[in-house]
There are 2 protein chains.
Amino acid sequence: MGIKERKGRHKEDLKARILEAAKKLFITKGYEATSIRKIAAEIEFSPTTIYLYYKDKTDIAYALHQEGFGLLRERFSTLEYVDDPFERLKAMGRGYIQFAVDHPDFYELMFIMKEPMQYLQAHHPEEEWPEGERVFDGLIQTVEGCKARGYFGDMNAEEMAMLSWSVVHGLCSLHITSHFKHIAEKCSQVAIAKQDTLLENVFQTYLQLLERMK
Amino acid sequence: MGIKERKGRHKEDLKARILEAAKKLFITKGYEATSIRKIAAEIEFSPTTIYLYYKDKTDIAYALHQEGFGLLRERFSTLEYVDDPFERLKAMGRGYIQFAVDHPDFYELMFIMKEPMQYLQAHHPEEEWPEGERVFDGLIQTVEGCKARGYFGDMNAEEMAMLSWSVVHGLCSLHITSHFKHIAEKCSQVAIAKQDTLLENVFQTYLQLLERMK
DNA sequence: CAAAGGTACTTAACACTGTTAATCAATCAA
DNA sequence: TTGATTGATTAACAGTGTTAAGTACCTTTG
(Lines give C-alpha, C1' and ligand atoms only; values in the text may rest on other atoms or scores of the structure.)
Protein backbone atom coordinates (compact mmCIF):
# COMPACT_ATOMS: atom_id res chain seq x y z
CA MET A 1 0.00 0.00 0.00
CA GLY A 2 2.71 2.47 -0.95
CA ILE A 3 0.29 4.62 -2.86
CA LYS A 4 -1.84 5.36 0.16
CA GLU A 5 1.25 6.42 2.05
CA ARG A 6 2.29 8.74 -0.74
CA LYS A 7 -1.17 10.20 -0.80
CA GLY A 8 -1.18 10.61 2.90
CA ARG A 9 2.19 12.25 2.82
CA HIS A 10 1.05 14.51 0.01
CA LYS A 11 -1.96 15.46 2.08
CA GLU A 12 0.23 16.26 5.03
CA ASP A 13 2.47 18.16 2.68
CA LEU A 14 -0.25 20.51 1.55
CA LYS A 15 -1.51 20.91 5.09
CA ALA A 16 1.99 21.92 6.10
CA ARG A 17 2.27 24.28 3.16
CA ILE A 18 -1.00 25.94 4.10
CA LEU A 19 0.26 26.46 7.62
CA GLU A 20 3.56 27.77 6.32
CA ALA A 21 1.78 30.27 4.08
CA ALA A 22 -0.48 31.26 6.95
CA LYS A 23 2.53 31.73 9.21
CA LYS A 24 4.31 33.87 6.64
CA LEU A 25 1.32 36.16 6.21
CA PHE A 26 0.68 36.15 9.93
CA ILE A 27 4.22 37.18 10.84
CA THR A 28 4.63 39.81 8.14
CA LYS A 29 1.13 41.29 7.96
CA GLY A 30 -0.47 40.33 11.28
CA TYR A 31 -3.47 38.20 12.10
CA GLU A 32 -6.08 40.63 10.81
CA ALA A 33 -4.63 40.63 7.30
CA THR A 34 -4.26 36.85 7.22
CA SER A 35 -7.42 35.84 5.40
CA ILE A 36 -8.30 32.44 3.99
CA ARG A 37 -8.25 33.90 0.52
CA LYS A 38 -4.79 35.37 0.94
CA ILE A 39 -3.41 32.12 2.30
CA ALA A 40 -4.90 30.35 -0.71
CA ALA A 41 -3.38 32.88 -3.09
CA GLU A 42 0.01 32.43 -1.41
CA ILE A 43 0.09 28.71 -2.17
CA GLU A 44 -1.78 29.20 -5.47
CA PHE A 45 -4.80 27.12 -4.55
CA SER A 46 -8.48 27.85 -4.41
CA PRO A 47 -9.72 29.31 -1.11
CA THR A 48 -12.03 26.38 -0.53
CA THR A 49 -9.12 23.95 -0.67
CA ILE A 50 -8.08 25.26 2.75
CA TYR A 51 -11.25 23.77 4.20
CA LEU A 52 -10.19 20.30 3.07
CA TYR A 53 -7.28 20.49 5.50
CA TYR A 54 -8.47 22.84 8.22
CA LYS A 55 -11.95 22.90 9.66
CA ASP A 56 -12.21 26.67 9.86
CA LYS A 57 -10.14 29.73 10.56
CA THR A 58 -9.89 29.10 14.28
CA ASP A 59 -8.36 25.74 13.39
CA ILE A 60 -5.55 27.56 11.61
CA ALA A 61 -5.30 29.98 14.50
CA TYR A 62 -4.81 27.07 16.87
CA ALA A 63 -2.18 25.52 14.62
CA LEU A 64 -0.24 28.80 14.65
CA HIS A 65 -0.76 28.95 18.39
CA GLN A 66 0.94 25.55 18.60
CA GLU A 67 3.80 26.81 16.45
CA GLY A 68 4.25 29.64 18.89
CA PHE A 69 4.45 27.25 21.81
CA GLY A 70 7.15 25.38 19.93
CA LEU A 71 9.19 28.57 19.83
CA LEU A 72 8.56 29.29 23.50
CA ARG A 73 9.55 25.79 24.61
CA GLU A 74 12.70 26.15 22.53
CA ARG A 75 13.63 29.17 24.63
CA PHE A 76 12.84 27.39 27.86
CA SER A 77 14.55 24.12 26.95
CA THR A 78 18.06 25.27 27.82
CA LEU A 79 16.87 26.55 31.18
CA GLU A 80 16.31 22.99 32.37
CA TYR A 81 20.02 22.78 32.96
CA VAL A 82 19.99 25.62 35.46
CA ASP A 83 20.33 23.88 38.81
CA ASP A 84 19.28 26.65 41.18
CA PRO A 85 15.49 26.75 40.97
CA PHE A 86 15.21 30.40 41.93
CA GLU A 87 17.71 31.36 39.26
CA ARG A 88 15.68 29.26 36.85
CA LEU A 89 12.46 30.98 37.91
CA LYS A 90 13.99 34.38 37.27
CA ALA A 91 15.35 33.29 33.91
CA MET A 92 11.98 31.85 32.92
CA GLY A 93 10.33 35.16 33.65
CA ARG A 94 12.88 37.08 31.62
CA GLY A 95 12.70 34.54 28.79
CA TYR A 96 8.93 34.80 28.76
CA ILE A 97 9.05 38.58 28.59
CA GLN A 98 11.70 38.55 25.90
CA PHE A 99 9.62 36.11 23.87
CA ALA A 100 6.66 38.48 24.03
CA VAL A 101 8.84 41.38 22.92
CA ASP A 102 10.47 39.40 20.10
CA HIS A 103 7.29 37.74 18.83
CA PRO A 104 4.37 39.95 19.78
CA ASP A 105 2.10 38.44 17.12
CA PHE A 106 2.71 34.92 18.37
CA TYR A 107 2.29 36.06 21.95
CA GLU A 108 -1.06 37.59 21.09
CA LEU A 109 -2.21 34.37 19.49
CA MET A 110 -0.96 32.27 22.39
CA PHE A 111 -2.12 34.28 25.38
CA ILE A 112 -4.33 37.21 24.43
CA MET A 113 -6.68 36.18 21.66
CA LYS A 114 -9.75 34.08 22.26
CA GLU A 115 -9.88 32.22 18.93
CA PRO A 116 -7.42 29.41 19.67
CA MET A 117 -9.00 28.59 23.04
CA GLN A 118 -12.44 28.74 21.48
CA TYR A 119 -11.34 26.18 18.90
CA LEU A 120 -9.99 23.98 21.65
CA GLN A 121 -13.22 24.14 23.60
CA ALA A 122 -15.40 23.62 20.53
CA HIS A 123 -13.57 20.82 18.74
CA HIS A 124 -11.49 19.06 21.40
CA PRO A 125 -13.35 19.39 24.70
CA GLU A 126 -11.61 16.36 26.14
CA GLU A 127 -8.08 17.66 25.65
CA GLU A 128 -6.98 20.14 28.22
CA TRP A 129 -4.71 22.50 26.29
CA PRO A 130 -1.60 20.32 26.21
CA GLU A 131 0.73 23.14 25.06
CA GLY A 132 -0.16 25.36 27.97
CA GLU A 133 -0.06 22.60 30.52
CA ARG A 134 3.36 21.47 29.41
CA VAL A 135 4.89 24.89 29.94
CA PHE A 136 2.96 25.51 33.13
CA ASP A 137 4.03 22.17 34.60
CA GLY A 138 7.61 23.30 34.17
CA LEU A 139 6.81 26.46 36.07
CA ILE A 140 5.16 24.56 38.92
CA GLN A 141 8.14 22.24 39.22
CA THR A 142 10.47 25.21 39.38
CA VAL A 143 8.38 26.84 42.09
CA GLU A 144 8.38 23.58 44.03
CA GLY A 145 12.14 23.46 43.62
CA CYS A 146 12.28 26.90 45.18
CA LYS A 147 10.13 25.77 48.09
CA ALA A 148 12.42 22.79 48.63
CA ARG A 149 15.28 25.23 49.02
CA GLY A 150 13.41 27.28 51.56
CA TYR A 151 11.79 29.93 49.42
CA PHE A 152 8.17 31.08 49.65
CA GLY A 153 7.61 29.60 53.10
CA ASP A 154 4.43 27.57 53.31
CA MET A 155 2.80 29.09 50.26
CA ASN A 156 0.94 26.95 47.79
CA ALA A 157 3.16 26.13 44.81
CA GLU A 158 0.39 26.16 42.24
CA GLU A 159 -0.94 29.50 43.36
CA MET A 160 2.59 30.87 43.44
CA ALA A 161 3.09 29.64 39.88
CA MET A 162 -0.16 31.25 38.78
CA LEU A 163 0.84 34.50 40.42
CA SER A 164 4.20 34.49 38.66
CA TRP A 165 2.54 33.77 35.35
CA SER A 166 0.01 36.53 35.98
CA VAL A 167 2.76 39.03 36.71
CA VAL A 168 4.71 38.41 33.52
CA HIS A 169 1.59 37.98 31.42
CA GLY A 170 0.14 41.19 32.79
CA LEU A 171 3.35 42.99 31.90
CA CYS A 172 3.58 41.51 28.40
CA SER A 173 -0.10 41.94 27.70
CA LEU A 174 -0.25 45.59 28.73
CA HIS A 175 2.93 46.17 26.76
CA ILE A 176 1.67 44.60 23.53
CA THR A 177 -1.73 46.29 23.63
CA SER A 178 0.25 49.55 24.14
CA HIS A 179 -1.60 50.35 27.35
CA PHE A 180 1.69 50.73 29.19
CA LYS A 181 3.06 53.09 26.61
CA HIS A 182 0.25 55.55 27.14
CA ILE A 183 0.64 55.80 30.88
CA ALA A 184 4.43 55.42 31.01
CA GLU A 185 5.02 58.57 28.96
CA LYS A 186 3.05 60.62 31.43
CA CYS A 187 4.47 59.42 34.69
CA SER A 188 8.01 58.69 33.59
CA GLN A 189 10.02 61.02 35.79
CA VAL A 190 13.59 60.47 36.77
CA ALA A 191 12.74 57.29 38.59
CA ILE A 192 11.14 55.24 35.84
CA ALA A 193 13.53 54.34 33.10
CA LYS A 194 12.90 54.28 29.41
CA GLN A 195 10.20 52.28 27.74
CA ASP A 196 12.81 49.70 26.75
CA THR A 197 13.65 48.61 30.26
CA LEU A 198 10.23 49.20 31.79
CA LEU A 199 9.18 45.56 31.67
CA GLU A 200 12.47 44.41 33.13
CA ASN A 201 12.28 47.02 35.89
CA VAL A 202 8.80 46.06 37.02
CA PHE A 203 9.72 42.39 36.85
CA GLN A 204 12.70 43.12 39.09
CA THR A 205 10.36 44.80 41.51
CA TYR A 206 8.46 41.52 41.65
CA LEU A 207 11.67 39.59 42.15
CA GLN A 208 12.52 41.80 45.10
CA LEU A 209 9.26 40.76 46.72
CA LEU A 210 10.07 37.12 46.09
CA GLU A 211 13.57 37.38 47.44
CA ARG A 212 12.31 38.63 50.77
CA MET A 213 10.34 35.41 51.09
CA LYS A 214 13.51 33.36 51.41
CA MET B 1 -29.22 81.68 18.31
CA GLY B 2 -31.58 79.27 19.97
CA ILE B 3 -31.98 77.28 16.80
CA LYS B 4 -28.32 76.41 16.59
CA GLU B 5 -28.41 75.20 20.14
CA ARG B 6 -31.41 73.04 19.42
CA LYS B 7 -29.65 71.62 16.40
CA GLY B 8 -26.53 71.01 18.37
CA ARG B 9 -28.52 69.29 21.06
CA HIS B 10 -30.28 67.21 18.46
CA LYS B 11 -26.94 66.23 17.03
CA GLU B 12 -25.67 65.23 20.44
CA ASP B 13 -28.90 63.39 20.94
CA LEU B 14 -28.45 61.14 17.96
CA LYS B 15 -24.79 60.63 18.78
CA ALA B 16 -25.85 59.50 22.22
CA ARG B 17 -28.56 57.26 20.80
CA ILE B 18 -26.02 55.62 18.49
CA LEU B 19 -23.75 54.95 21.45
CA GLU B 20 -26.65 53.61 23.47
CA ALA B 21 -27.62 51.22 20.69
CA ALA B 22 -24.01 50.18 20.28
CA LYS B 23 -23.74 49.56 24.02
CA LYS B 24 -26.92 47.49 24.05
CA LEU B 25 -25.71 45.26 21.22
CA PHE B 26 -22.22 45.14 22.68
CA ILE B 27 -23.39 44.02 26.11
CA THR B 28 -25.93 41.47 24.90
CA LYS B 29 -24.21 40.08 21.81
CA GLY B 30 -20.54 40.96 22.30
CA TYR B 31 -18.21 43.13 20.28
CA GLU B 32 -17.93 40.78 17.30
CA ALA B 33 -21.66 40.89 16.63
CA THR B 34 -21.86 44.66 17.03
CA SER B 35 -21.66 45.82 13.44
CA ILE B 36 -22.31 49.28 12.06
CA ARG B 37 -25.31 47.94 10.18
CA LYS B 38 -26.84 46.39 13.29
CA ILE B 39 -26.35 49.56 15.28
CA ALA B 40 -28.05 51.47 12.48
CA ALA B 41 -30.93 49.00 12.38
CA GLU B 42 -31.33 49.32 16.15
CA ILE B 43 -31.94 53.07 15.95
CA GLU B 44 -33.73 52.74 12.59
CA PHE B 45 -31.30 54.86 10.62
CA SER B 46 -29.21 54.20 7.56
CA PRO B 47 -25.79 52.62 8.25
CA THR B 48 -24.00 55.57 6.72
CA THR B 49 -25.62 57.96 9.17
CA ILE B 50 -23.34 56.51 11.84
CA TYR B 51 -20.38 57.99 10.00
CA LEU B 52 -21.82 61.49 10.40
CA TYR B 53 -21.34 61.13 14.15
CA TYR B 54 -18.46 58.71 14.54
CA LYS B 55 -15.36 58.69 12.38
CA ASP B 56 -15.16 54.90 12.13
CA LYS B 57 -15.75 51.79 14.15
CA THR B 58 -12.74 52.26 16.39
CA ASP B 59 -14.23 55.63 17.31
CA ILE B 60 -17.29 53.82 18.65
CA ALA B 61 -15.04 51.28 20.34
CA TYR B 62 -13.24 54.09 22.13
CA ALA B 63 -16.53 55.67 23.18
CA LEU B 64 -17.60 52.35 24.72
CA HIS B 65 -14.19 52.06 26.29
CA GLN B 66 -14.85 55.42 27.96
CA GLU B 67 -18.23 54.19 29.16
CA GLY B 68 -16.48 51.25 30.75
CA PHE B 69 -14.08 53.52 32.58
CA GLY B 70 -17.06 55.40 33.91
CA LEU B 71 -18.31 52.18 35.46
CA LEU B 72 -14.90 51.34 36.89
CA ARG B 73 -14.43 54.77 38.44
CA GLU B 74 -17.88 54.43 39.96
CA ARG B 75 -16.68 51.32 41.76
CA PHE B 76 -13.50 52.98 42.89
CA SER B 77 -15.12 56.24 43.97
CA THR B 78 -16.30 54.98 47.35
CA LEU B 79 -12.85 53.62 48.12
CA GLU B 80 -11.48 57.15 48.40
CA TYR B 81 -12.98 57.26 51.87
CA VAL B 82 -10.89 54.33 53.07
CA ASP B 83 -8.22 55.94 55.22
CA ASP B 84 -5.71 53.12 55.53
CA PRO B 85 -3.84 53.12 52.20
CA PHE B 86 -2.96 49.44 52.35
CA GLU B 87 -6.59 48.53 52.97
CA ARG B 88 -7.48 50.75 50.05
CA LEU B 89 -4.89 49.06 47.84
CA LYS B 90 -6.31 45.64 48.65
CA ALA B 91 -9.86 46.83 48.05
CA MET B 92 -8.86 48.38 44.72
CA GLY B 93 -7.42 45.08 43.61
CA ARG B 94 -10.54 43.19 44.59
CA GLY B 95 -12.77 45.83 43.01
CA TYR B 96 -10.77 45.66 39.80
CA ILE B 97 -11.06 41.86 39.67
CA GLN B 98 -14.76 41.94 40.47
CA PHE B 99 -15.29 44.50 37.71
CA ALA B 100 -13.61 42.19 35.21
CA VAL B 101 -15.78 39.28 36.35
CA ASP B 102 -18.98 41.32 36.28
CA HIS B 103 -18.32 43.10 32.97
CA PRO B 104 -15.98 40.90 30.94
CA ASP B 105 -16.97 42.57 27.67
CA PHE B 106 -16.19 46.03 28.99
CA TYR B 107 -12.96 44.78 30.50
CA GLU B 108 -11.91 43.35 27.17
CA LEU B 109 -12.59 46.64 25.44
CA MET B 110 -10.77 48.60 28.13
CA PHE B 111 -7.66 46.52 28.70
CA ILE B 112 -7.34 43.68 26.21
CA MET B 113 -8.39 44.85 22.78
CA LYS B 114 -6.19 46.99 20.61
CA GLU B 115 -8.89 48.96 18.77
CA PRO B 116 -9.52 51.70 21.34
CA MET B 117 -5.83 52.42 21.86
CA GLN B 118 -5.29 52.40 18.12
CA TYR B 119 -8.00 55.02 17.75
CA LEU B 120 -6.36 57.09 20.46
CA GLN B 121 -2.98 56.94 18.78
CA ALA B 122 -4.39 57.61 15.30
CA HIS B 123 -6.80 60.44 15.98
CA HIS B 124 -5.65 62.05 19.23
CA PRO B 125 -1.88 61.63 19.42
CA GLU B 126 -1.50 64.56 21.80
CA GLU B 127 -3.85 63.21 24.46
CA GLU B 128 -2.34 60.57 26.66
CA TRP B 129 -5.25 58.26 27.44
CA PRO B 130 -6.95 60.40 30.11
CA GLU B 131 -9.23 57.59 31.32
CA GLY B 132 -6.35 55.26 32.07
CA GLU B 133 -4.20 57.93 33.63
CA ARG B 134 -6.95 59.03 35.95
CA VAL B 135 -7.40 55.57 37.41
CA PHE B 136 -3.68 54.86 37.46
CA ASP B 137 -2.96 58.13 39.28
CA GLY B 138 -5.28 56.97 42.03
CA LEU B 139 -3.30 53.76 42.26
CA ILE B 140 0.03 55.59 42.48
CA GLN B 141 -1.28 57.83 45.23
CA THR B 142 -2.47 54.81 47.16
CA VAL B 143 0.92 53.13 46.82
CA GLU B 144 2.61 56.31 47.96
CA GLY B 145 0.27 56.39 50.93
CA CYS B 146 1.42 52.88 51.75
CA LYS B 147 5.04 53.95 51.53
CA ALA B 148 4.34 56.85 53.86
CA ARG B 149 3.10 54.33 56.39
CA GLY B 150 6.19 52.21 56.11
CA TYR B 151 5.19 49.69 53.49
CA PHE B 152 7.32 48.62 50.53
CA GLY B 153 10.55 49.98 51.96
CA ASP B 154 12.48 52.07 49.48
CA MET B 155 10.75 50.70 46.42
CA ASN B 156 9.72 52.97 43.59
CA ALA B 157 6.04 53.85 43.89
CA GLU B 158 5.35 53.96 40.15
CA GLU B 159 6.96 50.60 39.54
CA MET B 160 5.11 49.18 42.49
CA ALA B 161 1.86 50.50 41.06
CA MET B 162 2.63 49.01 37.68
CA LEU B 163 3.42 45.68 39.28
CA SER B 164 0.13 45.68 41.16
CA TRP B 165 -1.75 46.57 38.00
CA SER B 166 0.08 43.83 36.11
CA VAL B 167 -0.84 41.25 38.73
CA VAL B 168 -4.56 41.94 38.68
CA HIS B 169 -4.65 42.52 34.94
CA GLY B 170 -2.77 39.29 34.33
CA LEU B 171 -5.29 37.46 36.48
CA CYS B 172 -8.32 39.05 34.86
CA SER B 173 -6.95 38.73 31.37
CA LEU B 174 -6.07 35.04 31.68
CA HIS B 175 -9.45 34.47 33.27
CA ILE B 176 -11.46 36.19 30.53
CA THR B 177 -9.57 34.56 27.67
CA SER B 178 -10.28 31.26 29.47
CA HIS B 179 -6.60 30.36 29.64
CA PHE B 180 -6.82 29.86 33.36
CA LYS B 181 -9.77 27.56 33.05
CA HIS B 182 -7.85 25.14 30.88
CA ILE B 183 -4.92 24.75 33.21
CA ALA B 184 -6.83 25.03 36.48
CA GLU B 185 -8.94 21.96 35.77
CA LYS B 186 -5.86 19.84 35.37
CA CYS B 187 -3.82 20.92 38.34
CA SER B 188 -6.62 21.62 40.77
CA GLN B 189 -5.92 19.15 43.54
CA VAL B 190 -6.99 19.58 47.11
CA ALA B 191 -4.99 22.74 47.47
CA ILE B 192 -6.40 24.91 44.73
CA ALA B 193 -9.98 25.86 45.31
CA LYS B 194 -12.76 26.10 42.81
CA GLN B 195 -12.67 28.21 39.71
CA ASP B 196 -14.85 30.76 41.44
CA THR B 197 -12.33 31.69 44.09
CA LEU B 198 -9.20 31.11 42.01
CA LEU B 199 -8.66 34.79 41.18
CA GLU B 200 -9.18 35.81 44.80
CA ASN B 201 -6.82 33.10 46.01
CA VAL B 202 -3.96 34.10 43.72
CA PHE B 203 -4.55 37.75 44.54
CA GLN B 204 -4.27 36.88 48.21
CA THR B 205 -1.00 35.16 47.51
CA TYR B 206 0.19 38.47 46.08
CA LEU B 207 -1.07 40.32 49.13
CA GLN B 208 0.91 37.98 51.36
CA LEU B 209 4.06 39.01 49.52
CA LEU B 210 3.17 42.67 50.00
CA GLU B 211 2.43 42.29 53.67
CA ARG B 212 5.89 40.94 54.35
CA MET B 213 7.28 44.18 52.98
CA LYS B 214 5.84 46.16 55.87
C1' DC C 1 -11.40 -2.66 -21.79
C1' DA C 2 -15.23 0.03 -19.95
C1' DA C 3 -18.08 1.28 -16.16
C1' DA C 4 -18.27 2.82 -11.48
C1' DG C 5 -16.52 5.00 -7.51
C1' DG C 6 -13.71 7.93 -4.94
C1' DT C 7 -10.41 11.70 -4.43
C1' DA C 8 -8.69 16.44 -4.98
C1' DC C 9 -9.87 20.50 -6.27
C1' DT C 10 -12.56 24.52 -8.28
C1' DT C 11 -16.50 27.63 -9.41
C1' DA C 12 -20.29 30.03 -7.85
C1' DA C 13 -22.80 31.71 -4.45
C1' DC C 14 -24.53 33.26 0.28
C1' DA C 15 -24.55 36.37 3.82
C1' DC C 16 -22.10 39.20 5.87
C1' DT C 17 -18.44 43.18 7.05
C1' DG C 18 -16.49 48.43 7.10
C1' DT C 19 -16.46 52.31 4.34
C1' DT C 20 -17.02 55.94 0.53
C1' DA C 21 -19.10 58.64 -3.33
C1' DA C 22 -23.04 60.42 -5.15
C1' DT C 23 -27.64 61.90 -4.40
C1' DC C 24 -31.86 63.53 -2.56
C1' DA C 25 -34.95 66.29 0.35
C1' DA C 26 -35.65 69.69 3.55
C1' DT C 27 -34.45 73.80 5.74
C1' DC C 28 -32.09 78.15 6.09
C1' DA C 29 -30.23 82.84 4.48
C1' DA C 30 -29.91 86.34 0.75
C1' DT D 1 -37.65 83.00 -5.09
C1' DT D 2 -33.38 81.70 -5.53
C1' DG D 3 -29.12 79.50 -3.64
C1' DA D 4 -26.53 77.23 -0.14
C1' DT D 5 -26.21 74.35 3.68
C1' DT D 6 -27.52 70.42 6.50
C1' DG D 7 -29.02 65.68 7.43
C1' DA D 8 -29.88 61.49 5.81
C1' DT D 9 -30.10 58.06 2.12
C1' DT D 10 -29.09 54.79 -1.88
C1' DA D 11 -25.78 52.37 -4.33
C1' DA D 12 -21.61 50.60 -4.62
C1' DC D 13 -16.74 48.91 -3.60
C1' DA D 14 -13.77 45.69 -1.82
C1' DG D 15 -13.29 42.63 1.09
C1' DT D 16 -14.51 38.60 4.74
C1' DG D 17 -15.62 33.32 6.27
C1' DT D 18 -18.02 29.54 4.63
C1' DT D 19 -20.96 26.06 1.99
C1' DA D 20 -23.15 23.57 -1.96
C1' DA D 21 -22.56 21.99 -6.30
C1' DG D 22 -19.80 20.64 -9.98
C1' DT D 23 -15.56 18.98 -12.55
C1' DA D 24 -11.72 16.71 -13.67
C1' DC D 25 -8.67 12.82 -12.69
C1' DC D 26 -7.29 8.35 -11.00
C1' DT D 27 -8.21 3.79 -9.02
C1' DT D 28 -10.77 -0.10 -8.56
C1' DT D 29 -14.00 -3.36 -10.07
C1' DG D 30 -17.18 -6.01 -13.36
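- Contact check, Thr49(B) against dT9(D): a side-chain N or O comes under 4.0 Å of OP1 or OP2.
- Residues Glu42(A) and Ala21(A) come closest through the heavy atom pair CG-CB, 3.6 Å.
- Residue Thr48(A) places no side-chain N or O under 4.0 Å from the OP1 or OP2 atom of dT10(C).
- Atom pair Ile39(B):CD1 and dG18(C):C1' shows a separation of 11 Å (rounding to whole Å applied).
- Under the rule for a ring pair (Phe, Tyr, Trp, His ring centres under 6.0 Å), the partners of Phe26(A) that lie at least two apart in sequence or sit in another chain are Phe106(A).
- Look at CZ on Arg37(B): it is 14 Å from P on dA12(D), rounded to the nearest Å.
- Within 4.0 Å (heavy atoms only), Phe45(B) reaches sugar-phosphate atoms of the nucleic acid but no base atom.
- Partner of Thr177(A) under the side chain to side chain donor-acceptor pair (under 3.5 Å) criterion, out of Lys181(A), His175(A), His179(A): His179(A) alone.
- As a whole-Å value, the separation of Lys57(B) NZ from dT19(C) P is 8 Å.
- To the nearest angstrom, P of dT17(C) lies 13 Å from OH of Tyr31(B).
- Rotation axes derived from the C1' atoms of the five outermost pairs at either end of the helix from dC1(C)-dG30(D) to dA30(C)-dT1(D) lie 30° apart, to the nearest 10°.
- Using a 4.0 Å heavy-atom cutoff across all strands shown, Lys55(B) reaches no nucleic acid atom at all.
- Between the side chains of Trp129(A) and His124(A), no donor N or O sits under 3.5 Å from an acceptor N or O.
- Of the options Gln118(B), His123(B), Glu131(B), Glu115(B), a side chain to side chain donor-acceptor pair (under 3.5 Å) to Tyr62(B) is made by Glu131(B) and by none of the others.
- Checking the phosphate oxygens (OP1, OP2) of dT16(D), a side-chain nitrogen or oxygen of Ser35(A) falls inside 4.0 Å.
- Going from atom CG of Leu52(A) over to atom C1' of dG6(C) covers 14 Å, rounded to whole Å.
- Phosphate proximity of dA8(C) to Tyr53(A): absent, as no side-chain N or O sits under 4.0 Å from OP1 or OP2.
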